[in-house]
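Okay, structure first, notes after.
Counting from 1, the numbers follow the sequence of the chain as shown. Predicted model, so just to flag it, every value in this text is computed and none were measured. As the structure lists them, so they are numbered: ligands from 1, and atoms in each ligand from 1.
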Amino acid sequence: MWFAVISTLVLQSETPNKHPFVFPQKPISRWASKHHPSPFSAKPFYVILSGNCISKQKHCWNIKSIMAYGGTPSGPPAAAGSSPAMKQVKLEKESELRIEVNFNSSLRLRLLNGTAEIFGTEMPPENWLIFPPRMKFAIFTWYGATIEMQDNTETDYVADETPMISYVNVHAVLEGRRNRAKASPSDSDASQGPRVIVVGPTDSGKSTLSRMLLSWAAKQGWKPTFVDLDIGQGSITLPGCIAASPIEMPIDPVEGIPLEMPLVYFFGHNTPTVNADLYRVLVKELAQILERQFAGNPESRAAGMVINTMGFIDGLGYDLLLHAIDTFQATVVLVLGQEKLCSMLKDVLKRKSNVDVVKLQKSGGVVSRNSKFRASARSQRIREYFYGLSNDLSPHSSIANFNDLSIYKVGGGPQAPASALPIGAQPVADPMRLVPVNINRDLLNLVLAVSFAKEQDQILSSNIAGFIWITDIDIPRKKITYLAPSGGELPSKFLLMGSLTWIET
Ligand SMILES: Nc1ncnc2c1ncn2[C@@H]1O[C@H](COP(=O)(O)OP(=O)(O)OP(=O)(O)O)[C@@H](O)[C@H]1O
């Protein structure tokens with residue numbers, strides 16, 4: 001079903017994915033093979049999952065992902081060298097254990113007794129879970145639990161004041177709306193489930209709340225669509241992109257959003273200020289494709305969507321928020337931890353009777369991440385794309401002639417020569433102009449998006465198939481060397497360039 005849903009998404013976009021260029025290759029390879037297979041050999045996610053699940057319950061984790069960092073389902077992972085001491089932490093009901101994993105080593109823990117969840121996804125009982133270095137998360141329990149864990153975290157503490165009850169109440173309201181939508185005639189407006197947009201400043205817990213709402217909905221059998229408009233970090237794929245993906249299973253806290261073929265548009269920068277017009281155009285394009293997808297799929301229409309946004313909320317950031325609310329026709333705006341933003345949105349949206357603006361408390365557990373941390377998280381995300389979360393993928397290095405590739409960037413250059421403009425008018429850069437890029441050494445280390453476009457005039461409105469990373473430019477021989485997730489010909493010769501770079505460390 002996953003496969004079917006995602007295929008519909010892709011097929012309804014302008015340029016369908018028919019080429020064996022795996023995007024993103026990560027989940028397919030991790031679960032199916034150590035190498036990058038063609039999409040035709042990829043199994044639908046749920047088939048693989050049910051084969052490895054500890055039970056067939058919707059909420060359980062994929063055992064392979066549990067073992068991604070070397071754990072075993074039945075006992076503590078074998079220690080390499082000296083192993084840190086273990087400790088047990090007892091959690092009272094409605095409390096949470098907040099953890100920041102050590103910067104240099106992973107953390108192993110398990111649920112010894114009781115029940116607990118990580119950002120909306122239930123923990124499997126007794127299985128050892130392995131969390132990568134630097135991960136920040138919380139284990140919350142509604143009824144009480146005991147956690148056994150290594151005593152080597154950067155920080156861990158128990159908090160009994162959390163906003164989880166208000167969050168789960170929001171989920172209950174959304175659940176009611178989904179049920180009403182499902183019961184309504186499929187050609188009526190009432191058949192559209194909630195369209196939730198989560199807004200707030202940086203580090204207010206937007207991504208985390210989005211995950212919880214999605215995981216709780218998936219646990220109850222819905223397949224909501226996750227839309228990520230945050231180009232800063234990239235929850236679905238690389239930073240610099242906006243993307244959407246249906247969510248059928250509660251989200252694995254370590255592996256992240258389960259993906260086969262998300263719908264992804266490349267903006268190319270981690271801040272919208274570089275080209276706000278392009279950002280708006282891509283948001284609109286994504287919304288239109290989803291609209292078509294909902295029209296043909298009553299199930300995902302009733303489940304609705306959860307939209308995560310950027311933490312940029314002033315000036316241009318605020319305009320872009322309003323644009324996203326409008327473009328996706330959001331019906332619920334959840335404002336995290338900002339009184340001012342909430343009252344501004346309430347004021348401006350009061351004329352729309354079908355939009356609820358709800359202020360929610362920011363969790364005290366949300367960790368602030370400075371720009372250095374964010375930059376290194378972006379870099380880590382790119383590494384994961386090519387090599388996998390635990391180095392389990394095998395990207396391919398390929399060489400192409402300069403002539404085989406057409407690289408473009410969007411924006412820049414004069415719109416028209418001054419002589420063609422009215423007297424006194426200044427030539428301005430056209431933000432939507434497609435500019436061919438000359439291949440030279442400046443392209444070294446850039447991450448380029450591979451467009452699905454077949455013709456040049458489709459590039460601006462096309463979603464992307466994946467990414468390549470430029471590792472060498474040989475000017476005398478006119479050859480370009482790049483790393484791609486899979487071997488073979490690229491799905492299109494049209495490549496998009498932004499300011500996304502990566503240096504392998
Ligand atoms: N209750 C919690 N306990 C521990 N860590 C948490 C908790 N809630 C969120 N975090 C962590 O805090 C960090 C910031 O949270 P999150 O990414 O949800 O914020 P955001 O508002 O989406 O950030 P951005 O500024 O990127 O938009 C993340 O690493 C997340 O895992």
Side-chain angles (χ1 to χ4, degrees), residues 89 91 94-103 107 109 116-121 123 131-142 147 149 153-168 196-215 226-236 238-242 251-257 270-272 306-314 317-318 320-321 324 333-338 341 359-378 380-381:
V89 181
L91 294 172
E94 288 167 30
S95 66
E96 70 183 18
L97 172 60
R98 294 173 179 163
I99 297 174
E100 289 185 44
V101 182
N102 204 297
F103 266 57
L107 171 72
L109 61 74
E117 58 183 53
I118 298 177
F119 299 153
T121 299
M123 290 176 73
F131 295 86
R134 308 179 331 144
M135 189 171 162
K136 303 165 196 324
F137 65 101
I139 298 174
F140 178 84
T141 177
W142 293 104
I147 305 296
M149 61 188 281
T153 63
E154 190 72 22
T155 317
D156 64 87
Y157 66 97
V158 175
D160 54 10
E161 272 183 34
T162 78
M164 289 294 276
I165 290 187
S166 61
Y167 293 176
V168 87
V196 185
I197 187 162
V198 185
V199 306
T202 35
D203 293 325
S204 55
K206 299 179 294 300
S207 314
T208 305
L209 177 60
S210 302
R211 278 180 176 225
M212 284 182 205
L213 296 175
L214 290 161
S215 290
F226 177 41
V227 177
D228 191 15
L229 302 182
D230 185 0
I231 48 179
Q233 296 296 307
S235 314
I236 294 183
L238 297 196
C241 296
I242 60 165
I251 299 163
D252 184 314
V254 177
E255 300 259 322
I257 310 291
N270 54 36
T271 161
V306 176
I307 305 162
N308 182 35
T309 60
M310 296 178 285
F312 178 30
I313 53 167
D314 298 316
Y318 180 68
L320 294 176
L321 273 187
V333 183
L334 301 177
V335 189
L336 273 169
Q338 239 236 15
L341 178 65
K359 181 176 175 292
L360 289 171
Q361 198 194 327
K362 168 185 165 178
S363 167
V366 177
V367 184
S368 294
R369 296 157 299 170
N370 60 25
S371 55
K372 194 172 160 211
F373 185 94
R374 282 171 185 275
S376 97
R378 280 196 288 274
Q380 179 59 25
R381 200 87 178 104

Check against side-chain hydrogen bond (donor to acceptor under 3.5 Å, both in side chains), S376 and R134: CA-CA 11 Å; S376 97; R134 308 179 331 144; 2.7 Å; yes

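- The nearest heavy-atom contact from the protein to atom 19 (O) of ligand 1 is G205 N, 3.2 Å.
- With no hydrogens or angles considered, no side-chain donor-acceptor pair links T153 and N102 at under 3.5 Å.
- Listed by number with element, the atoms of ligand 1 under 4.0 angstrom from any heavy atom of S363 are 1 (N).
- Remark: distances from the non-hydrogen atoms of G232 to ligand 1 are all 4.0 Å or more.
- Although no hydrogens or angles enter the test, the distance criterion places a donor-acceptor pair under 3.5 Å between the side chain of K206 and the main chain of P201.
- Looking from atom 3 (N) of ligand 1 to the surrounding protein, the closest heavy atom is A138 CB, 3.3 Å.
- Distances between N or O atoms of D203 and those of ligand 1 include at least one value under 3.5 Å.
- For the ligand labelled ligand 1, residue R374 lies inside the 4.0 Å heavy-atom shell.
- For E96, every heavy-atom contact with ligand 1 shorter than 4.0 Å involves the side chain, none the backbone.
- Of the protein's heavy atoms, R369 NH1, 4.1 Å lies nearest to atom 28 (C) of ligand 1.
- In this structure a side-chain-to-backbone donor-acceptor pair under 3.5 Å is present from S166 to P163.
- The backbone N or O of S235 lies less than 3.5 Å from a partner atom in the side chain of R381, making a donor-acceptor pair.
- Set against the non-hydrogen atoms of D230, the atoms of ligand 1 under 4.0 Å away are 26 (O), 27 (O).
- Remark: ligand 1 atoms within the under-4.0 Å shell around heavy atoms of F119 are 6 (C), 7 (C), 8 (N), 9 (C), 10 (N), 31 (O).
- In this structure, atom 18 (O) of ligand 1 lies nearest to the protein heavy atom T208 OG1, 2.5 Å.
- Shortest contact from atom 31 (O) of ligand 1 to any protein heavy atom: K136 O, 2.6 Å.
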Does I307 form a side chain to side chain contact (heavy atoms under 4.5 Å, CB included) with V198? I'd like the steps, not just the answer. CA-CA 6 Å; I307 305 162; V198 185; over 6 Å; no

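- For atom 8 (N) of ligand 1, the closest non-hydrogen atom of the protein is V366 CG2, 3.7 Å.
- Between R374 and D203 there is a salt bridge, since a side-chain N of the basic residue sits under 4.0 Å from a carboxylate O of the acidic one.
- Neither the backbone nor the side chain of E100 comes within contact range of ligand 1; no heavy atom lies under 4.0 Å.
- Ligand 1 has a nitrogen or oxygen under 3.5 angstrom from a nitrogen or oxygen of K206.
- You'll find the ring centres of F137 and F119 outside the 6.0 Å limit.
- Distance from atom 5 (N) of ligand 1 to its nearest protein heavy atom, with residue and atom name: G365 O, 3.2 Å.
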Verify side chain to side chain contact (heavy atoms under 4.5 Å, CB included) between D156 and L97, making sure each step is shown before the conclusion. CA-CA 7 Å; D156 64 87; L97 172 60; 4.3 Å; yes

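- Atoms of ligand 1 lying under 4.0 Å from at least one heavy atom of T202, given by number and element, are 25 (O).
- No more than 12 heavy-atom neighbours from other residues, nucleotides or ligands sit within 6.0 angstrom of CG on D160.
- Nearest protein heavy-atom contact of atom 22 (O) of ligand 1 is S207 OG, 2.7 Å.
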Under the side chain to side chain contact (heavy atoms under 4.5 Å, CB included) rule, what do S95 and T162 come out as? Steps first, then yes or no, please. CA-CA 7 Å; S95 66; T162 78; over 6 Å; no

